[in-house]
Number of protein chains: 4
Amino acid sequence: MSMIIKVFVTGGTFDKEYNEINGSLFFKETHLYEMLELGRSKLELSITTLMMKDSLDFIEADRQTIATSCSNCKEDKILITHGTDTMTLTASYLAKHCPNKTIVLTGAMVPYKFGSSDGLFNLGSALAFVQVLKAGVYIAMNGKIFEADKVQKNTDKGEFETI
Amino acid sequence: MSMIIKVFVTGGTFDKEYNEINGSLFFKETHLYEMLELGRSKLELSITTLMMKDSLDFIEADRQTIATSCSNCKEDKILITHGTDTMTLTASYLAKHCPNKTIVLTGAMVPYKFGSSDGLFNLGSALAFVQVLKAGVYIAMNGKIFEADKVQKNTDKGEFETI
Amino acid sequence: MSMIIKVFVTGGTFDKEYNEINGSLFFKETHLYEMLELGRSKLELSITTLMMKDSLDFIEADRQTIATSCSNCKEDKILITHGTDTMTLTASYLAKHCPNKTIVLTGAMVPYKFGSSDGLFNLGSALAFVQVLKAGVYIAMNGKIFEADKVQKNTDKGEFETI
Amino acid sequence: MSMIIKVFVTGGTFDKEYNEINGSLFFKETHLYEMLELGRSKLELSITTLMMKDSLDFIEADRQTIATSCSNCKEDKILITHGTDTMTLTASYLAKHCPNKTIVLTGAMVPYKFGSSDGLFNLGSALAFVQVLKAGVYIAMNGKIFEADKVQKNTDKGEFETI
């Protein structure tokens, strides 16, 4: 399998950092490159940062931007890093507006920069799923794969589950 | 997709540790459970440690043990953690002796216990591939997937490549 | 040098954790034991958690508790882990109310649980300073040692400096 | 206290790395700068790498080099990073050949690059001790401070102890 995978970075917990001056969490730049290096990824990726936002702050225009970017890029395999809080909303939006490509959304429950992050594991699985799944929009979290519109985030447990 | 995935641990760099008394590398017990916890894996896995060996030390009997274990287990999806040095040999052996299940071998270039390990990334992708690929024997390393008998380890670059 | 060092835990950035359900920072329990294990500390320590608070939330009663605890314990060497924001206030308070022991306050700019923490380095130096300095109240941060009442936190740079 | 501390790097476990091509441990370059950055060290240090060797491989000439470097540098406060296996021998040698400065040797039981290293803790304490101790040669390990000629490495326990 040789193909170029498009990657769109949108922010989310994945990329949050700790501001040591004021003790808050914030976005600086994506850690995706560093994570791919750590994973010694040998995949051909074309990476674009669309935004760096908490997905709770996403507005309609943000999802339009993501959908348009997915439609307009020449690749058929697309990975999107995304905050978990509204990941299912974006997945549904993309299923409606960009149904003919293989799009996998992933994220993290804990920022990559904090030792205890699930980010690298999720990234590895999302990049695997996007290579082999047929056209459709999916969420890859914590080893599992979910189809858009058939998944919800259980906010009590902090995990995704089939509906 | 709901299924139980069988995992066989065989050792390899993945699971090497540093002996702080004498400065050598050695095996104690697998870090697989810890890695799955870090990845917040929600998959149903049945994990068995078959051996804890450097794959350079594998003898014919070890590969027989692995093949028999794959044939005899009731699961059709199997992940094997394995040293990278002879991973292609075991893949070929399994392709011959256990061709009717989906078997994915993975490992790491750097021990998981060392900060700079690719292990978690590889584990995430291997668990994704094993869920969706059709029957066959595969190697999942550094984001890529290779079919048994069509892959070699480039020992200069420290990476796997198609042949 | 053989002596027991008293350690009082009061919270601070040192011990903050990331809540993966709601994305906020919070206190659970101190990481001091884990840090001492990582440092393979062979010192005899008697550790007591007085409170787990952001030092911005300290009220007079909290400083009284700390001072009383310092006065009443039988040890003459005392280490206090403390948030950096009001560390100098507590140091001044202790210099007034408990001047006859060697008391060293330390903390971290980044939570220990986040890979990029200065906590372990600060802990190592604070435990060294407390063993060898004469009676007095000190702040040990980022390799340096400051006397109470002669130090301020530069909140722009995020570092302590002599005044 | 404002002073420049001289730091001599000599190798040791502290600085060992994992060669992912052949699975051996080796020296590349010191991690001291990275560790000081992690500790947000604000100390004025003058760092020189004298050698990058396992201290078991030290010959007389290496100890001569270290002693001469200590005598010839203009600083009176010196930190030496050193393998633990012959650290006491070098300490004794320096006590004989360079008795008029404050020299602290430190190292690590586990390479800094492996997550479980005591290196950062030791570095923090060694830099504290060197600032406040009077002239003499010392070993700072795992929170404790030992005088040259009064310390041995207990190779069974992997720790230093007074003799």
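In what follows, every chain begins at residue 1, and chains take the letters A, B, ... in the order their sequences are listed. Since the structure is predicted, the reported quantities are computational estimates derived from the model, not experimental observations.
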>> Counting only heavy atoms not in Glu161(B) (residues, nucleotides, ligands), do more than 12 fall under 6.0 Å from its CD?
In response: yes
>> Can you confirm whether more than 12 heavy atoms, excluding those of Lys53(A), are under 6.0 Å from its NZ atom?
In response: yes
> Does Asp118(A) reach the side chain of Leu38(B), with side-chain heavy atoms less than 4.5 Å apart?
Replying inline: no
> How long is the span from the CZ atom in Phe129(A) to the CG atom in Leu127(B), to the nearest 0.5 Å?
Replying inline: 8.5 Å
> Roughly how far, to the nearest 0.5 Å, is CG of Leu43(A) from NZ of Lys144(B)?
Replying inline: 7.0 Å
Which atom of [X] lies closest to which atom of [Y], heavy atoms considered:
X	Y	answer
Arg40(A)	Asn142(B)	O-CB, 2.9 Å
Ser125(B)	Ala128(A)	O-CB, 3.4 Å
Gly39(A)	Phe121(B)	O-CD2, 3.5 Å
Glu159(A)	Lys42(B)	OE1-CE, 3.5 Å

>> Does any backbone or side-chain atom of Ser117(A) lie under 4.5 Å from a heavy atom of chain B? Answer side chain, backbone, both or neither.
In response: backbone
> chain A: which of Gly124(B), Gly119(B), Ser116(B), Ala108(B) shares the most heavy-atom pairs with it under 4.5 Å?
Replying inline: Gly124(B)
